[in-house]
Amino acid sequence: MFKKLLVANRGEIAVRILRAAKEQGLSTVAVYSEEDAAALHVREADEAVCIGPAESQKSYLRVDGILEAAKKTKADAVHPGYGFLSENAKFAEACEKAKLTFVGPTSKMIDAMGDKVRSRETVAKNKVPTVPGTDGITDLKSAVQQVEKLQKARKDFVYPLLVKAAGGGGGKGMRIVRKPSELKENLERAQSESIKAFNNPMIFVERYIENPRHIEVQVLGDGKTTLHLYERECSLQRRHQKVVEEALSPSLDETTRKKILEAGVRAAESVGYKSAGTVEFIVSEQNDFFFLEMNTRIQVEHPVTEAITGIDLIEQQLNIAQGQKLKIRQSDIVTRGHAIEARLYAEDCDSNFLPQPGPLHFLRFPHWKGVRVDTGVVSPTKISSFYDPMIAKVIAWAPDRESCREKLKLFLGATEIEGLITNKAFLLEILGSKFFQKGRYHTHLLESADWRKTPKPSSKILAAFCLKDYLDNRIDFSATSRSAWQEAYDAVAN
Ligand code: ADP
Ligand code: ADP
Ligand code: MG
């Protein structure tokens, strides 16, 4: 039994885990970078240890630094959250060796699922449908031949294709290939990107599914029993990263749902999974579904599942890590109502979703029944340029989807944020759109411009207009002996 939990993460998920730990009567330790010295997660923990400078590589990604912090504070368990070291099998192994309980699956399970090529083979053995694709490719010399060979062997391995990094994550390292003449160049580029981003030269090629939906199954296992907690629909993405998620999926028919849930459980069972995990699928326009990957950790969008099932996933993770068997049975897990999560980001949706770190002078959420806000910031503060620029996750619950959509829209509308450019208006546009109301959308919808009825000028252009209005009011350009620019400068400076 462990008594003191170190949370090896930052931001909203660190705050979320600390809360669950306190509810179980555990002592808590936070780790932080110099950049995060004043962060909420540091204040929320019983103890906190600085593990290095702002750069993740030198702090949150440093295995030795985190183990040292655990030793120093006599922590006997580690929760990795998501991102950072959460899916790093070597980190889990180092914890195991240091006799620290890793709140998650074993290092072997992470390893088996960590590589997209190997995980596909593992789950396929347990009758989980996978996207037709090649084995792992490291040597590019034979790559084109491998693709051509598979095309002869499998009728369903057809263009367009997608080159992916075997060790990829966070939506990075993927290239679409529309015709054979583009294959060689894309293989080369994908490999060099994969080496740069993931320090891993292995790539693979799979069929590119047009306009798919991303549907994932939440699973919970104790090493013996595997349960599913239904699915989440996460098809609203930008740059392969999720923006709005919901549970249950509005686009699944009952027959496909049943099949996907069973396949999700089988995928987890193929490694005798322990802890909370997510099995990701893409679903084609014809309702065929294929395994994408398994995330062997808690997921950003886990609160929508908690909202409809009433089950606290971090509490379950902690119980399983304490060696307990699951106390719930599949038949106990019933869903109630509908939940939608929106990820509030400091980013400019009119300029390619460029991150907009900077001072956050004011942030205030309303307090409403049925709306949960998970955040790691309290204003005034600064959204750091060193990490993911997420401000908060807002999760609404209501008895039915339409009132849930309406509630989240009203809540976001009543949320006050001052100081930086955010995606709030973009989220409101999504929640108010026809396609979202209908519940029919796919992973490329947000990237196609035509769903936005009135394209807005970019935030930069709007800012320039505001400045011009301001200057027009302040300065009489006709009656000046000095340069207009000098005068404009003085006006703004004063
Ligand atoms: P989720 O479905 O929970 O959003 P993601 O795979 O998108 O899962 O990852 C969760 C978080 O971790 C995101 O902030 C993502 O940017 C980050 N992340 C995941 N894997 C990597 C990776 N290999 N490199 C960099 N960031 C990653
Ligand atoms: P990551 O580890 O970066 O999350 P995934 O394999 O889960 O990588 O893919 C991320 C997203 O990319 C998916 O949600 C989906 O939108 C898109 N994608 C991945 N593979 C395919 C495919 N074969 N066809 C079409 N879209 C895909
Ligand atoms: Mg994924």
Side-chain angles (χ1 to χ4, degrees), residues 82-84 86-89 110 113-124 128-134 136 147 150 154 156-178 183 186 190 193-194 196-200 202-219 231-246 249 251 260 264 267 277-302 343 353 388 441-448:
Y82 57 69
F84 297 122
S86 61
E87 290 182 281
N88 183 320
I110 300 177
M113 287 298 183
D115 171 327
K116 288 190 211 282
V117 173
R118 209 140 61 79
S119 69
R120 265 204 327 197
E121 286 164 13
T122 309
V123 304
V128 178
T130 56
V131 190
T134 64
V147 171
L150 188 66
R154 280 193 73 155
D156 55 355
F157 188 58
V158 289
Y159 278 89
L161 300 174
L162 188 65
V163 191
K164 294 170 84 167
K172 290 178 206 117
M174 276 179 256
R175 302 191 74 87
I176 303 170
V177 191
R178 296 261 164 212
L183 180 62
N186 277 295
E193 277 169 20
S194 175
K196 227 163 83 195
F198 309 109
N199 193 22
N200 183 346
M202 191 187 281
I203 53 170
F204 65 108
V205 185
E206 63 184 27
R207 193 178 122 203
Y208 179 70
I209 313 288
E210 297 275 9
N211 301 335
R213 283 163 286 150
H214 173 119
I215 291 179
E216 56 186 37
V217 179
Q218 175 70 54
V219 295
E231 83 280 0
R232 295 182 284 261
E233 166 123 20
C234 311
S235 304
L236 285 181
Q237 309 183 342
R238 50 124 184 80
R239 292 210 216 112
H240 305 298
Q241 287 179 11
K242 301 156 188 165
V243 182
V244 172
E245 302 102 341
E246 58 184 316
S249 159
S251 71
I260 284 202
T278 297
V279 185
E280 299 190 330
F281 293 95
I282 38 174
V283 183
S284 74
E285 286 168 314
Q286 292 75 36
N287 280 338
D288 294 321
F289 63 87
F290 308 95
F291 170 87
L292 268 187
E293 63 165 346
M294 177 164 185
N295 293 327
T296 50
R297 54 166 163 89
I298 194 73
Q299 199 104 352
V300 177
E301 57 276 18
H302 75 277
R343 300 191 190 188
F353 301 97
D388 194 43
Y441 49 83
H442 56 77
T443 57
H444 305 299
L445 202 137
L446 290 188
E447 279 152 18
S448 62

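Whatever order the structure lists ligands and atoms in, that order sets their numbers, starting from 1. None of the values given here were measured: they were computed from a predicted structure.
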Do R120 and E206 meet the salt-bridge criterion of a basic N to acidic O distance under 4.0 Å? yes

Is any NZ, NE, NH1 or NH2 atom of the basic residue among E193 and R175 found under 4.0 Å from an Asp or Glu carboxylate oxygen of the other? yes

Pick, from K164, E87, K242, the option with the minimum heavy-atom distance to atom 6 (O) of ligand 2. K164

Could you report the tightest heavy-atom contact between A267 and V123, atom names first, then the distance? CB-CG1, 3.8 Å

Element-labelled atoms of ligand 2 that are located less than 4.0 Å from some non-hydrogen atom of [X]:
X    : value
G168 : 2 (O)
Y208 : 24 (N), 25 (C), 26 (N)
T443 : 16 (O)
E206 : 20 (N), 21 (C), 22 (C), 23 (N)
I282 : 21 (C), 22 (C), 23 (N), 24 (N)
E280 : 7 (O)

Nearest 10° is fine: what angle sits at the Mg ion (ligand 3) between OE1 from E280 and OE2 from E293? 90°

Which part of I209 is near ligand 2, with near meaning a heavy atom under 4.0 Å away: side chain, backbone, both or neither? both

In a check of side-chain contact (heavy atoms from CB on, under 4.5 Å) between H214 and each of E280, E233, R232, which one passes? E280

Could you check whether T278 and Q299, counting side-chain N and O atoms only, form a donor-acceptor pair closer than 3.5 Å? yes

Side chains of R178 and N186: is there a donor and an acceptor less than 3.5 Å apart? no

Consider ligand 2: state whether an atom of it lies below 4.0 angstrom from any non-hydrogen atom of M174. yes

State if K116 counts as touching ligand 2 under the rule of any non-hydrogen atom under 4.0 Å. yes

CG of D156: more than 12 outside heavy atoms within 6.0 angstrom? yes

Whether the side chain of N200 engages the backbone of M202 through a donor-acceptor N/O pair (distance < 3.5 Å, no angle test) should be reported. yes

